[in-house]
Amino acid sequence: MPVQPRPGDPAITPELVADHGISEHEYGLILDILGREPTYTELGVFSAMWSEHCGYKNSRPLLRKLPTKAPWVLQGPGENAGVIDVGDGLAVAFKIESHNHPSAVEPYQGAATGVGGILRDVFTMGARPIACLNSLRFGEIDGPEGDRVRYLVAGVVKGIGDYGNCVGIPTVGGEVYFDAAYEGNPLVNAMAIGLMKKEELIRGVASGVGNPIMAVGSKTGRDGIHGATFASAELTEESEAKRPMVQVGDPFTEKMLLEASLELIRSGHIVGIQDMGAAGLVSSSTEMAARGGTGVEIEITRVPVRETGMTPYEILLSETQERMLVVAHDGREEDVRAILGRWDLDAETIGYVTDTGRYVIRENGAVVVDIPGEPLVDACPTYTREGIESSEVVEARAFDPSTLKLKPEEADPTWTLRRLLDSPTVASKRWVYEQYDSTVRTNTVVGPGSDAAVVRLRGTNRAIAATVDCNSRYVYLNPYRGGQIAVAEAARNLVCSGALPRAVTDNLNFGNPLKPEVYYQLSESLRGIGEACTVLETPVTGGNVSLYNENPRGAIYPTPTIGMVGVIDDLAHVTTSSFRQAGDAIVLLGRNTAELGGSEYLKTIHGRVAGDAPALDLPGEQKLQRALLAMIHASRVTSAHDTAEGGLAVALVESAIADPAAPLGVEVDLDDDLPVNALLFGEAQSRVVVSCGEDQLDALLEMAAEHGVPARRIGTVGAPFGTVVIRTHGGSIEAAAAELAEIYESAIPRRMEGSVADVETSLESVVQNGME
């Protein structure tokens, strides 16, 4: 039956094609594929599947260069989530995805549905979700748009907390950055991890000619229509009008869908299952068919809807949440319905698998879509563009921090330390993570606040560790090295927690790839990520590309967020960042340098994002990580903490005040012949602060030497409520540990509860109280 335009559908015009994000060249390809003009519904299908969000048209050629294979990788890119073998017959599924644009216009629902979507990606693989993490980026709370930033922060955090808490999945870790580069375009990246037996792995495939296709879960509504296309365009002044493109979540239905889906998978009644996420029914049905090398035929009027008068276009492109597409074994529909019914969910047969390789949609028998399936999924046009580094970045990177004119107040390094601890990017994120339930299901061994989260694998003596990491200033100043550092820091954080790093899921947040300077950032950072993953043996198992993160003021900082999972073979090896015992030795692994480029010090104290990203020696980094892991396995180490934003001084204080109710003092002597600001606050890579008992010190230093890793004792842990003393040849830090803890813990609450004008006043009040 030939395809006919539906009565009432708009005529296909160049303006309509452009509104769907399809270029003239791409429209020409569509005409060649179809041999005719598309219908309005077919145009919507191509628009969604050939969007950047679904088709990866500007990133796919670059992604192919990433390492994706290892003996422990059971499922790499191309499925709902990556899966790795973690031993004892168990496997872990994990993935990270963005919900940036929705969160910019509707922060609560945008963030909540981001959590819901990533959970479904994990449990459609057959894994029960056991943990969530997130990476969040906002504008400056202290900036001129502080009120807007507060609104976004509050909405996003509440959305994440409410959804995860209601479903009953602990949020165990994450990161939060604040920078003017994200004003108007916040980043909300959600990561989920699930656990399964290896034999329970299932894939989203439509196979078996004649097998029924069933829509499961919530009824389809008009929320989220063209969400994938919305996510593949820049935010503008008119983006607020696109609130209807933001999905609305229902975590209680999600919980029932989770349980029903896992029961379905284990029942043997189904062939494949897939989340109806970005691009809804279109993407799930076409991708499942592509994996199976089959075709599908769907009668659109059989799709359960919750609104009257919905057109095929709306039903296909809706991104209503809490829905799954299931391919059942022929004759098992009633078994599927029975399982769904036990969870108060609907399951409706809407079509069947064919051997035609075509994507066919009917409305009351009339064909409204008839497209070859392969071009929709595997033949999205891709582009390799010319990348040119921005002259603005070249100029910023050329800055020599050694020429910096210091402020008079910096004569006292304690003044500088206080302001770094008060910086929202460095400060405690307790205000954020206390709104999340981090211990539900009782498997959380280490929750938010340490270098990485640790979750036990129930029934074994093993655990997994997970983290999300990216210093976007480094990537902005040096995309190649910044990409390497993002991977290295993630792996370092896992090792500090006692875990062997195993695999990566990445969320590539960038601006408009049509701009040469943005494409340069994307291509160079991926080159760096690929090299670091190869050296550190952490293949990429999947992820998400989120481009067009721009608003009228320009692009965000390039932010390739790295989600990484590692394995802890013995719970006795779990290590945290906090100093434990007065009298323990403090040891620095790694070498201090004079580097200040891209540092939090330059940004917070001098208002500059400049200089080169810190140097990184990947083989040296690998040696450091192997040495630290050997020390932990030999029970030589009491605590371990990566040095990152704020440098060595901040790392020492963070380890000392990890328990703000009883912060510990420290006494440290640094004899390095370096400028004081660089020594204390520079962010040289491949450094870890560890503590150990005096009886373990010699053995620890000997192990470091055996691995070729620089190591030296730099101080001693002091008594609770003591003084933090860090001496250098050019000046010393001295302050009460309780005062520093109060600054660190209160920085974000004071900003969220006060006004921009109150911030400096409130800090001075905290400092004054600490001195009295």
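Along the sequence shown, the residues carry numbers beginning at 1. Computed from a predicted model, the values in this text were never measured in an experiment.
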Do [X] and [Y] touch side chain to side chain, with heavy atoms closer than 4.5 Å?
X: V303; Y: L281; value: yes
X: I118; Y: I96; value: no
X: S261; Y: E263; value: no
X: T253; Y: S218; value: yes
X: T220; Y: R306; value: no
X: R120; Y: L257; value: yes
X: L547; Y: N512; value: no
X: E26; Y: F46; value: no

Would you say [Y] and [X] are linked by a side-chain donor-acceptor pair, where the criterion is simply a distance under 3.5 Å?
X: N549; Y: N185; answer: yes
X: N544; Y: N507; answer: yes
X: S318; Y: T320; answer: yes
X: N189; Y: E97; answer: no
X: E287; Y: Q274; answer: yes
X: D162; Y: Y108; answer: yes

[X] side chain to [Y] main-chain N or O, any donor-acceptor pair under 3.5 Å?
X: R137; Y: I556; answer: no
X: R60; Y: G55; answer: yes
X: Q109; Y: G249; answer: yes
X: H99; Y: G110; answer: yes
X: E322; Y: D250; answer: yes
X: D378; Y: E374; answer: no
X: T39; Y: V368; answer: yes
X: Q321; Y: E319; answer: yes
X: R291; Y: G78; answer: yes
X: D506; Y: L508; answer: no

[atom1]-[atom2] distance between [X] and [Y], expressed to the nearest 0.5 angstrom:
X: R337; Y: E348; atom1: CZ; atom2: CD; answer: 5.5 Å
X: I84; Y: T505; atom1: CD1; atom2: OG1; answer: 11.0 Å
X: L376; Y: W50; atom1: CG; atom2: CH2; answer: 7.5 Å
X: H101; Y: N551; atom1: NE2; atom2: CG; answer: 9.5 Å
X: S284; Y: R323; atom1: OG; atom2: CZ; answer: 7.5 Å
X: M214; Y: T349; atom1: CE; atom2: OG1; answer: 4.0 Å

Nearest heavy-atom neighbours spanning [X] and [Y]:
X: K198; Y: A91; answer: CG-CB, 4.0 Å
X: V282; Y: S285; answer: O-OG, 3.3 Å
X: V149; Y: G139; answer: CG1-O, 3.5 Å
X: L262; Y: A127; answer: CD2-O, 3.8 Å
X: I273; Y: T124; answer: CG2-O, 3.5 Å
X: M49; Y: S283; answer: SD-CA, 3.6 Å

[X]/[Y] ion pair, N-O < 4.0 Å:
X: K57; Y: E52; value: no
X: E259; Y: R342; value: no
X: E297; Y: R358; value: no
X: R36; Y: E42; value: yes

### Task
List the steps and the verdict of side-chain contact (heavy atoms from CB on, under 4.5 Å) for M191 and N134.
CA-CA 6 Å; M191 178 177 170; N134 52 73; over 6 Å; no
### Task
Could you name each residue pair satisfying salt bridge (Lys or Arg N to Asp or Glu O under 4.0 Å) that touches residues 201-221, not counting sequence neighbours?
K219-D346
#### Entry: Candidate pair N80 and D275, rule side-chain hydrogen bond (donor to acceptor under 3.5 Å, both in side chains), full reasoning
CA-CA 8 Å; N80 291 290; D275 170 37; over 6 Å; no
#### Entry: Test log, rule salt bridge (Lys or Arg N to Asp or Glu O under 4.0 Å), inputs R362 and E299
CA-CA 5 Å; R362 294 178 182 270; E299 172 52 61; over 6 Å; no
### Query
Under 6.0 Å from the CD atom of E199, do we count more than 12 heavy atoms belonging to anything else shown?
yes
### Task
Let me see the working for V122 and F94 under side-chain contact (heavy atoms from CB on, under 4.5 Å), right down to the final yes or no.
CA-CA 6 Å; V122 164; F94 64 107; 5.5 Å; no
### Message
Please enumerate all residues that pass ring pair (Phe, Tyr, Trp, His ring centres under 6.0 Å) together with F510, with sequence neighbours excluded.
### Response
none
#### Entry: Mutual orientation of the aromatic rings belonging to Y40 and Y313 [parallel < 30°, tilted 30-60°, perpendicular > 60°]
parallel
### Query
After noting the C-alpha distance and the side-chain angles of L133 and I193, does the key distance pass the side-chain contact (heavy atoms from CB on, under 4.5 Å) rule?
CA-CA 9 Å; L133 299 90; I193 304 169; 3.8 Å; yes
#### Entry: Criterion side-chain contact (heavy atoms from CB on, under 4.5 Å) on L187 and T559, from CA distance to verdict
CA-CA 9 Å; L187 301 186; T559 311; 3.7 Å; yes
